[in-house]
Enquirer: 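Pasting a structure below so you can have a look.
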Amino acid sequence: MARNTARGSRPPSSRQRPARRRGGAGQAALDQRRQQVAQDAARLLAEGGGADYTRAKLKAAQRLGYRDEASLPHNTDVERALLDYRRLFQPDAGDVLHQAREAALEAMEFLAPFQPRLAGPVMDGTADASTPVTLHLHSEDPDAVPRFLAQHAIPAEPGERTVRLDRARRGRFPAWHLEAGGVGFDLVVLPLAVLRQAPLSPVDERPMQRASAAQLRRTLEGPAGD
C-alpha cells in the first residue's frame, strides 16, 4: 500500500527560474491554486480510498482547470489537507484510526520476535476503514516470517513491496497480506539494519514515521489516543 513517491512540482531549471519567480499578487494566486488542488486531492483520496497522491493531484488539477505543473502542491500539503478533511467531514475517522492502532498493537505483540514497527497511513493518521495496517518486520531470513505464520496456522498471501531504504537504494522485499478480526495487515520483511534507520517516506522522502509496540502503546494510552 505504499503511497506514491512523487513530491509535487519539480524544481525549475536555471533557465526557467527567472520566469517562475513571482511576488505579491502572483505568488498569492499560485499559493491559492496549490491549496485548492491539495484540498480537492485530499477529498478524492478520502472519498475514493487509496494512497496515490500524484494521481489525486493530477486529477484535482485537471478538474480545477489548472494545466501548469507549478500549481501542483507538495505531497505534504495534500497529507495535511487529508488529515483536515477527515477531522471535518468524517467524524468517525478518529475511532476508526484508534481501532486500527489497537489491532496493530495486538499484532505487534504477537510478532514480537521480528521487532515490528508500525508504518504507513495507520501510523501517520491518514488511514480509513479500508486501509490495511502496515507492519515492518525485521529478519535476515526472509523465510522466517512465513514459517512463523504457518506454525500458527495463519493463512497469508505472499507478495512484494518496493521500499526506498535511502536516497541511493531502493529494493523490493517480501511481503505478506493477511486478514485478522476484520482488519487487513501488510507485513513487509526488511533486513535487521533497517531497524537503525527507517526507510524513506513516499510522501516527503524523509525517514518515515514508525513506532515500536512500546511507543504505540503509549500513544494509545494518551489523553486523545493519538
Side-chain angles (χ1 to χ4, degrees), residues 1-5 45-46 48-56 75 79 82 86 93 96-165 169-195 197-205 207-213 215-217 219-220 226:
M1 305 293 295
R3 294 179 194 158
N4 199 287
T5 56
L45 290 167
D52 190 334
Y53 281 33
T54 296
R55 183 178 298 177
N75 284 345
E79 185 178 62
L82 179 55
R86 293 208 191 283
V96 168
L97 182 62
H98 188 85
Q99 290 167 8
R101 287 175 172 174
E102 286 184 327
L105 179 59
E106 185 175 352
M108 292 169 79
E109 290 170 342
F110 175 71
L111 295 163
F114 302 103
Q115 302 181 73
R117 296 293 185 270
L118 175 63
V122 173
M123 175 66 215
D124 64 37
T126 59
D128 61 21
S130 65
T131 307
V133 173
T134 298
L135 297 180
H136 290 174
L137 309 183
H138 303 85
S139 174
E140 294 303 325
D141 178 2
D143 293 326
V145 171
R147 281 200 307 270
F148 182 87
L149 295 175
Q151 287 167 5
H152 292 83
I154 298 174
E157 258 182 68
E160 288 186 327
R161 294 291 183 274
T162 299
V163 177
R164 192 171 181 187
L165 299 177
R169 296 180 301 154
R170 182 193 304 269
R172 291 188 67 80
F173 297 92
W176 300 86
H177 179 81
L178 58 91
E179 302 280 334
V183 179
F185 292 86
D186 285 336
L187 311 179
V188 185
V189 186
L190 300 171
L192 285 170
V194 181
L195 268 171
Q197 182 175 351
L200 299 188
S201 165
V203 174
D204 59 11
E205 297 184 0
M208 65 174 58
Q209 297 180 63
R210 301 200 304 176
S212 66
Q215 290 167 331
L216 180 57
R217 188 179 299 106
T219 297
L220 289 169
D226 56 22

Enquirer: Does Leu192 offer a backbone N or O that forms a donor-acceptor pair with the side chain of Glu140 under 3.5 Å?
Expert: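 Side chain of Glu140 to backbone of Leu192: a pair is present.
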Enquirer: Are Asp124 and Glu79 packed together at the side-chain level, in the sense that at least one heavy-atom pair is separated by less than 4.5 angstrom?
Expert: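 In short, these two side chains touch, coming nearer than 4.5 Å.
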Enquirer: Should His177 and Pro158 count as side-chain neighbours, where that means a heavy-atom distance under 4.5 Å?
Expert: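 No - every pair of side-chain heavy atoms lies 4.5 Å or more apart.
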Enquirer: When rounded to the nearest 0.5 angstrom, what is the spacing between CZ in Arg161 and CH2 in Trp176?
Expert: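 Between atom CZ of Arg161 and atom CH2 of Trp176 there are 11.5 Å.
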Enquirer: Between Val163 and Pro199, what is the shortest heavy-atom contact and its length?
Expert: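 So the two residues come closest at CG1-CB, 3.4 Å.
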Enquirer: Would a 4.5 Å heavy-atom cut-off, applied to side chains only, mark Leu111 and Leu137 as touching?
Expert: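 Yes, close enough: below the 4.5 Å cut-off.
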Enquirer: If every non-hydrogen atom of Leu165 is compared with every non-hydrogen atom of Phe173, which pair is closest and at what distance?
Expert: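 Looking at all heavy atoms of both residues, the shortest contact is CD1-CZ, 3.9 Å.
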Enquirer: Can you measure from CG (Leu187) to CG (Leu149) and round to the nearest 0.5 angstrom?
Expert: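 So the gap between those two atoms works out to 6.5 Å.
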Enquirer: So, the side chain of Thr219 versus the backbone of Gln215: is there a donor-acceptor pair under 3.5 Å, distance only?
Expert: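 Judged by distance alone, yes, a pair lies under 3.5 Å.
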Enquirer: Check whether any side-chain heavy atom of Phe185 lies under 4.5 Å from a side-chain heavy atom of Thr134, and answer yes or no.
Expert: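 No, every pair of side-chain atoms sits at 4.5 Å or beyond.
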Enquirer: List the atom of Ala104, the atom of Leu118, and the distance in Å for their closest heavy-atom pair.
Expert: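 The pair with the smallest heavy-atom distance is CB-CD1, 4.0 Å.
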Enquirer: Answer yes or no: is there an ion pair linking Arg217 with Glu102, defined by an N-O contact shorter than 4.0 Å?
Expert: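 Looking at Glu102 together with Arg217, the answer is no, because their closest N to O distance does not fall below 4.0 Å.
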Enquirer: Is any side-chain heavy atom of Asp128 closer than 4.5 Å to one of Arg86?
Expert: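 Sidechains of Asp128 and Arg86: in contact.
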Enquirer: Can you find a heavy atom in the side chain of Arg117 that is under 4.5 Å from one in the side chain of Ser212?
Expert: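 Result yes, sub-4.5 Å side-chain heavy-atom pair found.
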Enquirer: I need the full list of ring pair (Phe, Tyr, Trp, His ring centres under 6.0 Å) pairs touching residues 103-125, with sequence neighbours left out, sorted by first then second residue.
Expert: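 Every ring pair (Phe, Tyr, Trp, His ring centres under 6.0 Å) pair that includes a residue of residues 103-125, provided the two are not neighbours, is Phe110-Phe148, Phe110-His152, Phe114-Phe148.
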Enquirer: I need the minimum non-hydrogen distance between Ala144 and Ser139, along with the two atoms involved.
Expert: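 Nearest heavy atoms, Ala144 then Ser139: CB-OG, 3.8 Å.
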Enquirer: What are the two closest non-hydrogen atoms of Pro191 and His138, and how far apart are they?
Expert: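 Closest heavy-atom pair between Pro191 and His138: O-CD2, 3.6 Å.
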Enquirer: Heavy atoms, side chains only, cut-off 4.5 Å: are Leu135 and Val188 in contact?
Expert: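 In short, these two side chains do not touch, never coming nearer than 4.5 Å.
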Enquirer: Would you say the side chain of Glu205 lies within less than 4.5 Å of the side chain of Arg164, judging by non-hydrogen atoms?
Expert: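 Yes - at least one pair of side-chain heavy atoms lies under 4.5 Å apart.
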Enquirer: Where do Pro132 and Asp186 come nearest, in terms of heavy atoms and distance?
Expert: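 Residues Pro132 and Asp186, closest heavy atoms: CG-OD2, 3.5 Å.
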Enquirer: Begin from the C-alpha positions of Leu216 and Arg210 and carry the test side chain to side chain contact (heavy atoms under 4.5 Å, CB included) through to its verdict.
Expert: CA-CA 9 Å; Leu216 180 57; Arg210 301 200 304 176; over 6 Å; no
Enquirer: Could you pull out all residues at least two apart from Asp141 that satisfy side-chain hydrogen bond (donor to acceptor under 3.5 Å, both in side chains)?
Expert: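 side-chain hydrogen bond (donor to acceptor under 3.5 Å, both in side chains) check on Asp141 returns Arg147.
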Enquirer: CG/Leu200 to CE/Met208 distance, rounded to the nearest 0.5 angstrom?
Expert: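 It is 7.5 Å, given to the nearest 0.5 Å.
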Enquirer: Is the CD atom of Glu160 crowded by more than 12 outside heavy atoms at less than 6.0 Å?
Expert: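 Yes, the 6.0 Å shell around CD holds more than 12 heavy atoms from other groups.
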Enquirer: Using modelled atom types only, decide if a donor and an acceptor are shared between the side chain of Arg101 and the backbone of Val122 within a distance under 3.5 Å.
Expert: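 Pair found, side chain donor or acceptor close to backbone of Val122.
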